[in-house]
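Note: hydrogens, waters and symmetry copies are ignored here, and every other heavy atom, side chains too, is used.
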Amino acid sequence: MRAALMSVICVLFCWCPGLQAERKTSSVDRLVDQVMTPATQSLLQLQSGHRSIGLALRFHVKREEGGVSKLVPMLTQLLSGRLAVLPRTSFEILPALPTSTLSNLEEASEISGHDFLLILDFSLHRGHAHLSGMLRRVHANFWSRIREPVGGVQHHFFGRMRVDATFRQLLEMPHIPLEFSWESNVVAPKATLAVASGDLDGDSRNELVWLTPNEVRVERWMGEIGLEVARIPLTGLVERPIRLRRLWGTIATVDLDGDRTDELAIWTSHHRAGGIFEVTAAGALEPFNGNSETPLCNTVDHATSSGACGPVYGTVSAQTWDESGSVFVGDVDPVRGHLSSRLRVLTPTASGRLMTLPEGIATVATGVFPQKAVGDSCEVLVTVDRSGRMRIRSVGDVITVPGVGAQVALADLNDDGVVEIVRTSNAHLGEDDELVVHSLHAHGVSVQYSAAVPPVRFLSVGDSNNDARTDVLIVSESGDVRRLNGIPAG
């Protein structure tokens, strides 16, 4: 198992400004990869001999959105590096302005003797950085200049990444403090157990996923407009032979294999075991195998055998790692089918390394968050024991916060490189709960926000309605759902 995963297990983390950060692939690198991976594949298919490319990079960023003086050399260097490794390929960076027309760029490419013209446009829209590309083969004669797409291969490319702390630093955006507002009575399925948001189809937009006792419901929201995408019955999980008075469940989205499409990690209390699934184009749940021949979680035939998965404790997405993602789930006892005190760590190449949880640990939350410096990231591990003590692990230090409930999530709510911990209180059953947002700093934690809420069954963080803001969704014991929006102040 890779060293990065072992560092998570051993809780040797660097996690906030003022401490040394771990070097990872940055969001800028991943944006370039989204465009240049298919672009270079197309270029390699075009001709077996030498090829010459003119590369034009246009920035469409308004002055009030930010500056590009730091981003231009960074993107230029990354793009040049992708082209430099292509065999039998020469290239030139063509001067380009936002107003440079295709005809002007084509003429410049022709004068320089290039075979192909690759135009890339960078822009910002709704809190995301967009990089779109167009590959053209240029044919010209004395009488006319004819532009045509490259035949037989893909010639349009698109990448999209959230404007995180790294992008904000490169674009010289000011720090945005947060104000919070509640949206109550969110429309949700009856008897909702849990909720999550993630990109299930690889189109760079999130789906909202509801978990109920008998099905998974998938919706797509764009601001205040929503559409139901699919209803998927939980037919692949074995029911428990006993009837429980109180049902509960966990659901999380995570990109395990780095294909920019999230998998679903699901568990409910009235099933013997949970599972890791892909959502197919036909709207069905298919067990996720990763790089193995068998599913990462045994569900039906071997529901109580080794490899069965329990509740989802935390996830680390492949987008924040150089290789692949991880899911941390509870282990199911192979004899009785009950939850054990062990933690199972799932990756695309491993069906589950077992780690024994410290005595009394009830909740685990993990995350990796980009920092302002390109390539720097912050790794966080939070545990909560049954007495309500939350421990935040860092390099050589442990921060303890008392009075914490079983629901904890991690996020960078305003993309400033400071990690927020969203958690409930350890109120008694039936009493009103409290939702608290902590910010992590080099000197400790501070309370960013707190509010009284009904007893919370489940909470999750993510951009659930594609409005470029990280939302906090809470599911109450009564099944009602509320959304906490982080709105830029002013």
Side-chain angles (χ1 to χ4, degrees), residues 27 30-31 33-39 41 125-133 154 156-164 187-189 192 194-212 215-236 250-266 274-291 295-297 312 315-321 324-327 346 348 460-471 473:
S27 52
R30 295 196 297 274
L31 178 65
D33 284 340
Q34 288 179 14
V35 172
M36 291 305 294
T37 297
Q41 291 173 352
H125 181 63
R126 295 180 66 88
H128 288 81
H130 294 239
L131 187 63
S132 57
Q154 182 181 357
H156 287 284
F157 319 99
F158 180 74
R160 180 176 181 263
M161 288 295 298
R162 182 181 177 88
V163 177
D164 57 15
V187 179
T192 294
V195 61
S197 58
D199 185 2
L200 302 181
D201 54 6
D203 66 349
S204 299
R205 290 174 174 80
N206 286 341
E207 282 74 42
L208 186 60
V209 189
W210 303 97
L211 176 64
T212 70
E215 69 178 8
V216 170
R217 187 174 300 183
V218 182
E219 299 175 349
R220 163 72 64 78
W221 286 83
M222 300 299 295
E224 299 180 354
I225 302 175
L227 174 68
E228 183 177 298
V229 178
R231 294 191 182 188
I232 309 173
L234 295 176
T235 55
T250 61
I251 187 170
T253 59
V254 57
D255 182 6
L256 281 171
D257 51 4
D259 63 351
R260 289 188 283 162
T261 300
D262 288 336
E263 285 74 43
L264 284 177
I266 299 172
I276 311 295
F277 299 95
E278 296 176 290
V279 179
T280 67
L285 294 179
E286 180 177 320
F288 177 73
N289 295 351
N291 297 330
L296 294 185
C297 294
V312 183
T315 63
V316 177
S317 176
Q319 294 181 2
T320 53
W321 293 100
S324 58
S326 309
V327 180
L346 305 176
S460 69
V461 294
D463 187 1
S464 59
N465 55 358
N466 292 292
D467 64 350
R469 298 193 305 236
T470 301
D471 314 311
L473 285 172

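Between atom CZ of residue F157 and atom CG of residue L131 there is a gap of 11.0 Å, rounded to the nearest 0.5 Å. Distance check, rounded to the nearest 0.5 Å: CZ of R126 to CZ of R205 gives 9.0 Å. Going from atom CG of L227 over to atom CD of E207 covers 10.5 Å, rounded to the nearest 0.5 Å. Interatomic distance, NE2 of H130 versus CD of Q34, reported as 10.5 Å (0.5 Å rounding). One finds the CG atom of N466 at 12.0 Å from the CD1 atom of I225 (value rounded to the nearest 0.5 Å).
Listed here is the closest heavy atom pair of D164 and S27: OD2-OG, 2.8 Å. Shortest non-hydrogen contact noted between G198 and D262 is CA-OD2, 3.3 Å. Taking both residues in full, the closest heavy atoms of G159 and L31 are given as C-CD1, 3.4 Å, listed atom of the first, atom of the second, then distance. Taking all atoms of both residues into account, the shortest heavy-atom contact from A196 to A252 is CB-CA, 4.2 Å.
The closest side-chain heavy-atom distance from V216 to V279 is not below 4.5 Å. When side chains are defined from C-beta on, F277 counts as touching P287, because their heavy atoms get closer than 4.5 Å. Looking at heavy atoms from C-beta onward, L264 lies in side-chain contact with T253 at the 4.5 angstrom threshold. Counting only heavy atoms from C-beta outward, the side chains of E263 and D255 approach each other to under 4.5 Å. Taking 4.5 Å as the limit, some side-chain heavy atom of L211 sits within range of a side-chain heavy atom of L234.
Here the options are T192, V461, L208, N465, the test is side chain to side chain contact (heavy atoms under 4.5 Å, CB included), and the partner is L473; only L208 passes. Of the residues N206, T470, D471, the one that meets the side chain to side chain donor-acceptor pair (under 3.5 Å) test with S464 is D471.
Electrostatic pairing of R217 and E215 counts as a salt bridge here, judged by a charged N lying under 4.0 Å from a carboxylate O. We find that R469 and D467 are joined by a salt bridge, their nearest charged nitrogen and carboxylate oxygen being less than 4.0 Å apart. A salt bridge is defined here as a Lys NZ or Arg NE, NH1 or NH2 lying under 4.0 Å from an Asp or Glu carboxylate O, and D201 with R220 meets this definition.
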Check step by step if side-chain contact (heavy atoms from CB on, under 4.5 Å) holds for I266 and L285.
-> CA-CA 11 Å; I266 299 172; L285 294 179; 4.1 Å; yes
Residues D199, D203; criterion side-chain contact (heavy atoms from CB on, under 4.5 Å); working and verdict | CA-CA 7 Å; D199 185 2; D203 66 349; 3.2 Å; yes
